[in-house]
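Comments concern the structure below.
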Amino acid sequence: MCEQYVARAAEPFRIDELWPFTERLERFGLAGFGWGAAWRSSDGGLCSHRDVRAFIDDTEGAARVGAQETTALLVHLRRPSRLSTLQLPDTQPFDDPAGRYSFSHNGDFRDWRSLRTRYRGDGRIHGRSDTEVGARWLEDAWADGDGATLLRAMHDRFKGQANLALLTADGTPYHYAGNSENPVFAFRLGRIGLASTGIYSLDRSLFRFVASGATDRRLIRLGSTATQDRNGMPTPTS
């Protein structure tokens, strides 16, 4: 029962501009078992932060991250299906070792155990979660297509209920909608464009409880990916 979102804007914004939204997403989305963020730095690389505490409890980390300025951001708020994964190696997002992207997942993969056995034998598994298996797969598949194509291919490979978020090193965010139990919505909060999970409510309650001031609201069709242009405008793709 995790929640996650990606965000982008034309001009740099302080990340803590989105902290009130993030706090409400964690609270009404029933997360609070760890959190993480990845963002594009001023030098063009990706930075990240993860903590096993709730976002609202990690005050020092949230303050440090919030003081950064960026044009592109990914935030993941945990509520894992298996509480045995409550440890830092399973806390998202996962950073690509080559610095190409950060990746996070909301839901449950179905067909992941056989690949976990292979990756563990190769010494590439450090935690217990299905998401880490997806992260290892994405590392190997990266050269085969763009972000939207790869997220769809990941869902085809692992199946299950899976919303997938990606932030690439060039500052492009992607949010794939593949969890029928938790819709993905695109919208704007002021000058910032977002694509976010919907607090496990099969209606538009996200906009009542979490993002009441949102504009340009739209549902991302199941099986499609929301990308955002340099101005933060959402562009659904198939």
Side-chain angles (χ1 to χ4, degrees), residues 2-23 25-26 31-78 87-106 124 126-127 129 131-132 134-136 138-139 142 146-148 150-151 163-176 189-197 225-232:
C2 302
E3 304 291 348
Q4 62 188 21
Y5 69 86
V6 294
R8 195 178 194 185
E11 299 295 330
F13 60 92
R14 271 184 60 118
I15 291 175
D16 57 11
E17 288 186 39
L18 292 175
W19 278 178
F21 167 82
T22 303
E23 186 276 328
L25 187 66
E26 180 177 74
F33 291 80
W35 80 286
W39 63 96
R40 193 167 193 249
S41 65
S42 58
D43 64 7
L46 290 177
C47 300
S48 63
H49 170 83
R50 281 165 293 280
D51 198 281
V52 295
R53 291 170 292 180
F55 167 77
I56 197 171
D57 293 329
D58 183 19
T59 54
E60 181 179 343
R64 185 171 61 252
V65 174
Q68 307 301 311
E69 289 195 343
T70 191
T71 57
L73 172 70
L74 184 160
V75 171
H76 184 271
L77 306 167
R78 286 201 83 197
Q87 55 180 350
L88 196 58
D90 292 312
T91 304
Q92 304 178 46
F94 285 95
D95 293 334
D96 170 47
R100 298 169 293 182
Y101 57 82
S102 288
F103 160 74
S104 68
H105 165 221
N106 151 244
R124 299 175 65 191
H126 307 286
S129 71
T131 306
E132 186 183 15
R136 301 289 87 82
L138 188 59
E139 291 170 18
W142 187 255
D146 64 21
L150 283 165
L151 293 183
N163 292 323
L164 308 170
L166 187 69
L167 178 63
T168 61
D170 67 359
T172 305
Y174 300 86
H175 202 155
Y176 172 80
L189 290 176
R191 61 197 176 96
I192 306 172
L194 295 91
S196 173
T197 50
T225 301
T227 63
Q228 294 165 315
D229 65 20
R230 293 185 180 276
N231 295 315

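Start at 1 with the first residue, then count along the sequence.
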For [X] and [Y], test the side chains for any donor-to-acceptor distance below 3.5 angstrom and give the result as yes or no.
| X | Y | result |
| --- | --- | --- |
| Tyr174 | Thr168 | no |
| His105 | Thr131 | yes |
| Gln4 | Thr197 | no |

Among residues at least two apart in sequence or on other chains, which ones pass side chain to side chain donor-acceptor pair (under 3.5 Å) with [X]?
| X | value |
| --- | --- |
| Arg100 | Asp96 |
| Thr91 | none |
| Asp51 | Arg53 |
| Tyr101 | none |

Is the shortest side-chain N to carboxylate O distance from [X] to [Y] below 4.0 Å?
| X | Y | value |
| --- | --- | --- |
| Arg191 | Glu17 | yes |
| Arg124 | Glu132 | no |
| Glu139 | Arg136 | yes |

side-chain contact (heavy atoms from CB on, under 4.5 Å) assessment of Leu46 paired with Trp39: CA-CA 6 Å; Leu46 290 177; Trp39 63 96; over 6 Å; no
Does the plane of the ring in Trp35 sit parallel, tilted or perpendicular to the ring in His49? Use 30° and 60° as the thresholds.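 Correct class here is tilted.
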Sidechain-backbone polar pair: [X] side chain, [Y] backbone, donor-acceptor under 3.5 Å:
| X | Y | value |
| --- | --- | --- |
| Asp58 | Gly61 | yes |
| Gln228 | Gly193 | yes |
| Arg40 | Ala169 | yes |
| Arg8 | Ala72 | no |

Give a yes or no on whether Glu11 atom CD has more than 12 heavy-atom contacts from other residues, nucleotides or ligands under 6.0 Å away. no
Decide if atom CZ of Arg64 counts as having more than 12 heavy atoms of other residues, nucleotides or ligands within a radius under 6.0 Å. yes
Test side-chain contact (heavy atoms from CB on, under 4.5 Å) on Leu73 and Val6; report intermediate values, then the result. CA-CA 6 Å; Leu73 172 70; Val6 294; over 6 Å; no
How would you list, by chain and number, every residue that makes a side-chain contact (heavy atoms from CB on, under 4.5 Å) with Glu26, sequence neighbours excluded? Ala31, Ala54, Phe55, Ile56, Leu77
For Ser48, all residues meeting side-chain contact (heavy atoms from CB on, under 4.5 Å), sequence neighbours excluded: Ala38, Arg50, Asp95
Pair Thr172-Leu166, side-chain contact (heavy atoms from CB on, under 4.5 Å): steps then yes or no: CA-CA 8 Å; Thr172 305; Leu166 187 69; over 6 Å; no
